[in-house]
Amino acid sequence: MRDHDISQRRACVLIGVDPKTVRRERPPDNPEIRKAMQEIAALRRRFGYRRIGLMLERRGMLMNPKKLYRLYREEGLSVRRRRGRKRARGTRTLMPMALMPNQRWSLDFVADTFGASRKFRILAVIEDCCRENLCLIADTSISGARVVRELDALVRIYGKPTCIVSDNGTEFTSRAILKWADQNNVAWHYIDPGKPQQNAFIEKLQRQPAP
C-alpha cells in the first residue's frame with residue numbers, strides 16, 4: 001500500500017488475507033478541537049463537555065453536541081465524582097469577599113406548599129455586602145431560562161455583579177445559566193454538595209422566622 005499506492009482490499013487479496021480481519025488505524029478527527037479540549041480540561045477539572053463546548057464556542061470552534069461528547073469520551077475526559085472528604089480540585093479560584101455593593105450575589109430556592117398540597121418555589125437573590133434582598137420570585141416551576149430573565153431584570157436595576165454564589169442545582173447548572181455567565185463575564189461559584197454554610201448569607205435569610 002505504501003510503495004505501490006494500492007487500496008487495502010487489493011493488498012489483502014494479493015497476499016491472501018481476508019480484508020475483514022484487517023483494520024487500518026485512522027488518524028483522529030478534529031485534532032485541533034481535541035487539543036483545545038485537553039487544554040481546557042487541564043485548567044478546569046470540574047468542567048463537563050457542555051461547559052467545555054461553551055469555552056470552545058468562545059474560541060470560534062462550533063460543533064454538534066453529540067460529536068463533541070464523542071470526542072470528549074474518546075479523549076478519556078470525565079468529571080470524576082468526589083469521594084470521602086470533599087476538597088477543592090484543579091484551579092478553582094477563591095470566592096471574593098463582599099466588601100462593596102455588587103461584588104457578590106447569592107442565589108437559592110425556598111420551597112413551600114399551598115393549602116391543597118400544591119408545591120411552589122421562591123427564587124431568592126441576596127446582595128451579600130449590604131445584606132439586601134434584591135428579589136423574591138414565586139412560581140410553581142422556575143427553570144434556568146426563567147432565572148436568566150430575572151437576572152437580566154436585576155442587572156438593569158442594580159447593575160452587574162462581579163460573581164454569583166449558588167448550589168449546583170439543575171436550574172443553576174443549566175446551559176442557559178452557563179451561557180449567561182460567560183456572555184456577561186460573571187464568575188459563578190458553586191458551593192460544595194452538603195455545605196450550605198458556604199452560602200451562609202442566603203441560608204440565614206431562609207431560616208428567619210416569619211413575623
Side-chain angles (χ1 to χ4, degrees), residues 1-12 17 19-96 103-105 107 143-145 147-148 151-152 155 160-195 198:
M1 291 170 59
R2 182 184 66 251
D3 299 338
H4 301 284
D5 193 23
I6 60 177
S7 66
Q8 175 181 301
R9 183 177 295 276
R10 178 61 176 167
C12 290
V17 175
K20 295 182 180 180
T21 62
V22 178
R23 295 290 183 269
R24 180 192 300 182
E25 294 185 0
R26 297 181 179 180
D29 55 337
N30 302 105
E32 66 284 350
I33 291 182
R34 293 174 183 266
K35 182 179 179 181
M37 290 176 64
Q38 291 284 0
E39 293 175 354
I40 296 173
L43 295 175
R44 305 287 186 177
R45 299 186 183 182
R46 299 298 300 171
F47 278 14
Y49 80 97
R50 289 188 180 90
R51 191 148 193 183
I52 289 179
L54 291 176
M55 301 292 288
L56 292 176
E57 289 182 6
R58 297 176 65 180
R59 299 185 182 185
M61 300 179 180
L62 303 178
M63 179 166 290
N64 182 279
K66 293 183 178 179
K67 185 174 182 180
L68 180 66
Y69 180 72
R70 176 176 64 81
L71 298 181
Y72 181 82
R73 298 296 297 178
E74 288 179 357
E75 290 300 309
L77 301 175
S78 64
V79 179
R80 297 182 180 180
R81 293 185 177 180
R82 300 177 180 178
R83 300 180 181 273
R85 183 181 177 186
K86 300 177 179 62
R87 297 184 177 90
R89 295 185 178 182
T91 58
R92 173 180 289 180
T93 57
L94 295 176
M95 188 185 306
Q103 191 166 6
R104 189 176 71 195
W105 290 1
L107 273 68
S143 63
V147 175
V148 167
L151 287 176
D152 284 334
V155 168
K160 185 172 62 177
T162 303
C163 83
I164 294 178
V165 183
S166 72
D167 57 24
N168 59 347
T170 55
E171 299 85 0
F172 299 139
T173 57
S174 64
R175 189 177 181 86
I177 287 291
L178 300 179
K179 186 176 181 179
W180 182 88
D182 288 333
Q183 289 178 345
N184 291 274
N185 196 25
V186 175
W188 201 291
H189 293 267
Y190 295 104
I191 64 175
D192 291 327
K195 296 290 186 180
Q198 294 181 1

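On a predicted model such as this, the values are computed, not experimentally measured, just so you know.
What you find for S174 and G144 is that their closest heavy atoms are OG-CA, 3.6 Å. Between Y72 and M37, the closest heavy-atom pair is CA-CE, 3.3 Å. For D167 against I191, the heavy-atom pair with the smallest separation is CA-CG1, 3.8 Å. Taking every heavy atom of both residues into account, R10 and I6 meet most closely at CG-CD1, 4.2 Å. In plain terms, the two heavy atoms of A176 and V148 that are nearest each other are O-CG2, 3.6 Å. Heavy-atom minimum distance, L71 versus I33: CD1-CG2, 4.2 Å.
In terms of the ring-ring contact (aromatic ring centres under 6.0 Å, His included) criterion, residue partners of F172 (sequence neighbours excluded) are, by chain and number, F109. Residues satisfying the salt bridge (Lys or Arg N to Asp or Glu O under 4.0 Å) test with D182, not counting sequence neighbours, are R58. Take S166 and apply the side chain to side chain donor-acceptor pair (under 3.5 Å) test, not counting sequence neighbours, and it matches W188. Residues satisfying the side-chain contact (heavy atoms from CB on, under 4.5 Å) criterion with Q38, sequence neighbours excluded, are E75, L77. Residues meeting the side-chain contact (heavy atoms from CB on, under 4.5 Å) test with K160, sequence neighbours left out: V155, N184, V186. Scanning for side-chain contact (heavy atoms from CB on, under 4.5 Å) contacts around R70 gives D29, R34, K67, E74, with sequence neighbours left out.
Counting only residues at least two apart or in different chains, salt bridge (Lys or Arg N to Asp or Glu O under 4.0 Å) contacts with residues 168-178 comprise E57-R175, R121-E171.
The distance from atom CG of N185 to atom CH2 of W180, rounded to the nearest 0.5 Å, is 10.5 Å. Of the inter-residue distances, the one linking H189 atom NE2 with W105 atom CH2 reads 15.0 Å to the nearest 0.5 angstrom. The CE atom of M55 sits 6.0 Å away from atom CZ of R44, with the distance rounded to the nearest 0.5 Å. Between atom CG of residue L107 and atom CD1 of residue I164 there is a gap of 5.5 Å, rounded to the nearest 0.5 Å.
Other residues, nucleotides and ligands place no more than 12 heavy atoms under 6.0 Å from the CG atom of D5.
Classification of E32 and R59 as a salt-bridged pair fails, no side-chain N sitting under 4.0 Å from a carboxylate O.
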